[in-house]
S.K.: 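Input: one structure, supplied below.
In what follows, every chain begins at residue 1, and chains take the letters A, B, ... in the order their sequences are listed. The structure presented is a predicted model; accordingly, all values stated were derived computationally and were not measured.
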There are 2 protein chains.
Amino acid sequence: MQRQTLQRVAIEAAFKDAKRPLAPVEVLEAARADVPTLNLATVYRTLKRMIQDHFIHPVELPGESARYELQAAANQHHHHFRCRKCDLVYDLEGCVDGLQSLLPEGFRMTGHDIVIYGDCTACNT
Amino acid sequence: MQRQTLQRVAIEAAFKDAKRPLAPVEVLEAARADVPTLNLATVYRTLKRMIQDHFIHPVELPGESARYELQAAANQHHHHFRCRKCDLVYDLEGCVDGLQSLLPEGFRMTGHDIVIYGDCTACNT
DNA sequence: TTGCATATGCAAATGCTTTTGCAATAAGAA
DNA sequence: TTCTTATTGCAAAAGCATTTGCATATGCAA
């Protein structure tokens, strides 16, 4: 059976606190606040496990390696904002209309991704 | 000065014929129709050169390595369609309204990417 | 407490995509 | 045609993110 280890608890906490998609290294840094000896290999093993358990969900942005966010967040349709100054990624609520109309004749849409780039509040100030 | 080699000409032709973003390996395969000895290293060297020369432009999609398309295509704002069956990427003309309204207070938008997933005409038939 | 299977840390190994060194080729100016 | 030098092909090397082997440490059921 699965064990409740300090590192797993720390990683779960990192996601719950962040409220935004985290890269593996970001998870490592955040969780090391609780468990300083935490290792990146452990982060990866735990991420894989949490994906299987549907606790987290991968978030892919163009040209970057995967980040992960709580499955709870992924359950409601949303998109992402990527700050060009601090490189953090935020969730955006809602969606837009009119995507369907971009399709040429004969193409069928089954999904879509939207990423907005710019400066976040923190960097804007 | 820059030389007009068979391989460079073949690679240019590949882009002009394709009318869609090509991955380096796709470029290799297409251009080998003209120059069978063409090597992937040469493709990469040529891509790098063509980017400097503003002849092509990188296209990044979530979770995938870069494709490239003619700068001419990139000059007019557009987005991409990715077929989940054949994995080809197509250009989509036009855009949508309302992106601005997805932003939280204090966030500023400087750019955006939209990717639509689904089945292309060829795969739909 | 004890026993043991799961989880961890560390370092080495993968699996890609992309780059580079080098000797051989081949543009294209003279 | 000849000569110079940019370009090519090939194979090896880099750079990444991610995974794995293994000995040690640690949950947790008994």
S.K.: We want to know whether A/His77 and A/His112 form a side-chain donor-acceptor pair, criterion being a heavy-atom distance below 3.5 angstrom.
M.R.: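 Yes, a side-chain donor-acceptor pair sits under 3.5 Å.
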S.K.: From B/Leu47 CG over to B/Tyr68 OH, what is the distance, rounded to the nearest 0.5 angstrom?
M.R.: 6.0 Å
S.K.: Rounded to whole angstroms, how far apart are CD on B/Glu26 and C1' on C/dT18?
M.R.: 17 Å
S.K.: Whole Å only: how far is the CD atom of A/Glu60 from the C1' atom of D/dT18?
M.R.: 13 Å
S.K.: So does A/Thr5 get a side-chain nitrogen or oxygen closer than 4.0 Å to the phosphate oxygens (OP1/OP2) of C/dT8?
M.R.: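 Looking at the OP1 and OP2 atoms of C/dT8, one of them is under 4.0 Å from a side-chain N or O of A/Thr5.
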S.K.: Below 4.0 angstrom from OP1 or OP2 of D/dG9, is there any side-chain N or O of B/Gln7?
M.R.: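 For B/Gln7, the contact criterion (side-chain N or O under 4.0 Å from OP1 or OP2 of D/dG9) is met.
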S.K.: Assess, by modelled atom type and distance only, whether the side chains of B/Glu60 and B/His80 contain a donor and an acceptor separated by less than 3.5 Å.
M.R.: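 Short answer, no.
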S.K.: Report yes if a side-chain nitrogen or oxygen of B/Lys48 is closer than 4.0 Å to either non-bridging phosphate oxygen (OP1 or OP2) of C/dT18; otherwise report no.
M.R.: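 False: B/Lys48 side-chain N/O out of range (4.0 Å or more) of C/dT18 OP1/OP2.
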S.K.: Per the atom types in the model, does the base of D/dG9 pair as donor or acceptor with the side chain of B/Arg45 at under 3.5 Å?
M.R.: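 Answer yes: a donor N or O sits under 3.5 Å from an acceptor.
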S.K.: Nearest to the side chain of A/Leu6 - C/dT8, D/dG27, C/dG28?
M.R.: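 Nearest to the side-chain atoms of A/Leu6, counting from C-beta on, is D/dG27.
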S.K.: Nearest heavy atom decides the nucleotide; on that basis, is B/Val25 or A/Asn39 closer to the 5' end of DNA chain C?
M.R.: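 Between the two, 5'-proximity favours A/Asn39.
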S.K.: Between P on D/dG9 and CD1 on B/Ile11, what's the gap in Å once rounded to a whole number?
M.R.: 9 Å
S.K.: Once hydrogens and angles are ignored, does a donor-acceptor distance under 3.5 Å link the base of D/dT5 to the side chain of B/Arg3?
M.R.: yes
S.K.: Among D/dC10, C/dT18, D/dA17, which is the nearest nucleotide to the side chain of B/Ala41?
M.R.: D/dC10
S.K.: Looking at B/Arg32 and D/dG9, is any side-chain donor or acceptor paired with a base atom of the opposite kind under 3.5 Å?
M.R.: no
S.K.: Say whether A/Leu99 and B/Leu61 are linked into one hydrophobic cluster, either directly or through other cluster members, by side-chain heavy-atom distances under 4.5 angstrom.
M.R.: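 No, because A/Leu99 and B/Leu61 fall into different hydrophobic clusters, even though each may have its own neighbours under 4.5 Å.
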